[in-house]
Amino acid sequence: MKVFKFGGAALKDAKGVAQVATIILSQPPNNLLVVVSAMGKTTDMLERILAMSEMGGAVSQALHALEKYHLEIVNELFTDQSKIRQEVEMIFAEIKTGLTNEMNTDKLYDQIVSKGELISSVILHHYLVSKKASSSWIDARSYINTDKSFREAKVDWVKTSGNILTLKGFLEKGIVITQGFIGKTEDGLTTTLGREGSDFSAAIFGSCLQAESVTIWKDVAGVMNADPKRFPNAVVFDELPFREAAEMTYYGASVIHPKTIKPLATKGIKLLVKNFDNPSLPGTLIHECTVDKLPPLIVFKENQCLISCKATDYAFISEQQLSVIFDALLAISVSINVMQNSAISFSFCIDFNESKVANLIERLQRDFEVNYNTGLTLITVKNYDLAHSVEYRKMPGVLLEQSSRSTLQVLVKGN
Ligand code: ASP
Ligand code: MG
């Protein structure tokens, strides 16, 4: 059996849904599980609606616009619309009442923002049925069990794999359509797995079902060695070892969610990245392999923040002080993208998140003199050569640089 994942860009309009259905219908009529994200920018819109509502603002106009966007897609796709319209309208009614719930922000976020995937999966499922496919819609929350870390829930693998294995019967009979990004706690509350988490959901289903492969359908030709918007000469990798792909996601390549590789690599399940506009292109195959010489891989990670801590009494930075810094990072779940120390200071670069950075600085100022810069870009060049080394080290506004034999990193001003 195979797993396919389609993101918001593939499902952003009626034409996209029809194209996704064409890809699905070109496959054998069973043993395919399809994971979908919310349509277009729905997740961003739901986030905005929730933020407006929490600030006491009026949301009915924004909510109405989002409902209209989905109903127009329904209108274009279906001749007989009554059932599907009703289902979509019901989910929007749930969002409206959900917004009045008195819950902690993160918990409420998951109850509301998760609805985007429910809507898109319902629309795709009904569309496939209208095309005579034997499609079953399943609620991913009944299969993916998580803890209560709302907005970045951790998967309970034992329970989840037990649940997912029960899908085998359904899959033998036809295609299964489900949602990415969402799960459920022990007490039945919806959770989400972190933004862009649908790739990870596809990996969860693929790994528990011991799928033959997981395919992520994207708006690019495959995994590329650089962002084609910045580098028009970027090339598509034909194949990549799991480890190389995992490192790329760590450095900020956004083509695959960072958590996707591990569950597949540990079970030796192939991961394909393919173009949904042009399914005949080979795309990139990520699997256990050795590739002789990979071209340089260039990743720009924007919106970075550099924090430097100095001991207030001119002392050297000690292990004990480093542990204070790491404890503070751990306490607010922030991870370091690059770090460097000198005799009297320790500097590190993290993703800029306003509230987390403010919280972190407040904690660090208890023990250190803290300086920070925001609006930075971390450039990583893996498999770099001399020309890259000269080019990037000489860039204007370099605040920090670091290199190993294979990887060069520079942190520069500007986004
Ligand atoms: N819809 C969610 C998001 O936009 C999950 C995903 O797209 O993977 O973050
Ligand atoms: Mg998405």
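Read the numbers this way: they start at 1 and go in the same order the structure lists the ligands and their atoms. Model, not experiment: these values are computed from the prediction.
Glu47 places a side-chain heavy atom less than 4.5 Å from the side chain of Tyr109.
A salt bridge is defined here as a Lys NZ or Arg NE, NH1 or NH2 lying under 4.0 Å from an Asp or Glu carboxylate O, and Glu212 with Lys270 fails to meet this definition. Here Lys148 pairs with Asp187 in a salt bridge; the nearest charged N to carboxylate O distance falls below 4.0 Å. With respect to Arg230 and Glu302, a salt bridge is recorded, a charged nitrogen being found less than 4.0 Å from a carboxylate O.
For the ligand labelled ligand 1, residue Gly7 lies outside the 4.0 Å heavy-atom shell.
Applying the 4.0 Å criterion to heavy atoms of Glu196 picks out, from ligand 1, the atoms 3 (C), 4 (O), 5 (C), 6 (C), 7 (O), 8 (O), 9 (O). Distances below 4.0 Å separate heavy atoms of Ser37 from the following atoms of ligand 1: 6 (C), 7 (O), 8 (O). Atom numbering of ligand 1 starts at 1 in the shown order; those under 4.0 Å from a heavy atom of Arg195 are 3 (C), 4 (O), 9 (O).
Between Lys5 and ligand 1, not a single N/O pair is under 3.5 Å apart. Where the criterion is an N or O separation shorter than 3.5 Å, residue side chain and backbone included, Asp199 fails it with respect to ligand 1.
Heavy atoms of Glu117 found under 4.0 angstrom from ligand 1 belong exclusively to the side chain.
A parallel orientation is assigned to the rings of His257 and Phe200, their planes being inclined by less than 30° (bins at 30° and 60°).
More than 12 heavy atoms of other residues, nucleotides or ligands lie within 6.0 Å of NZ in Lys154, so this atom counts as buried by the packing criterion.
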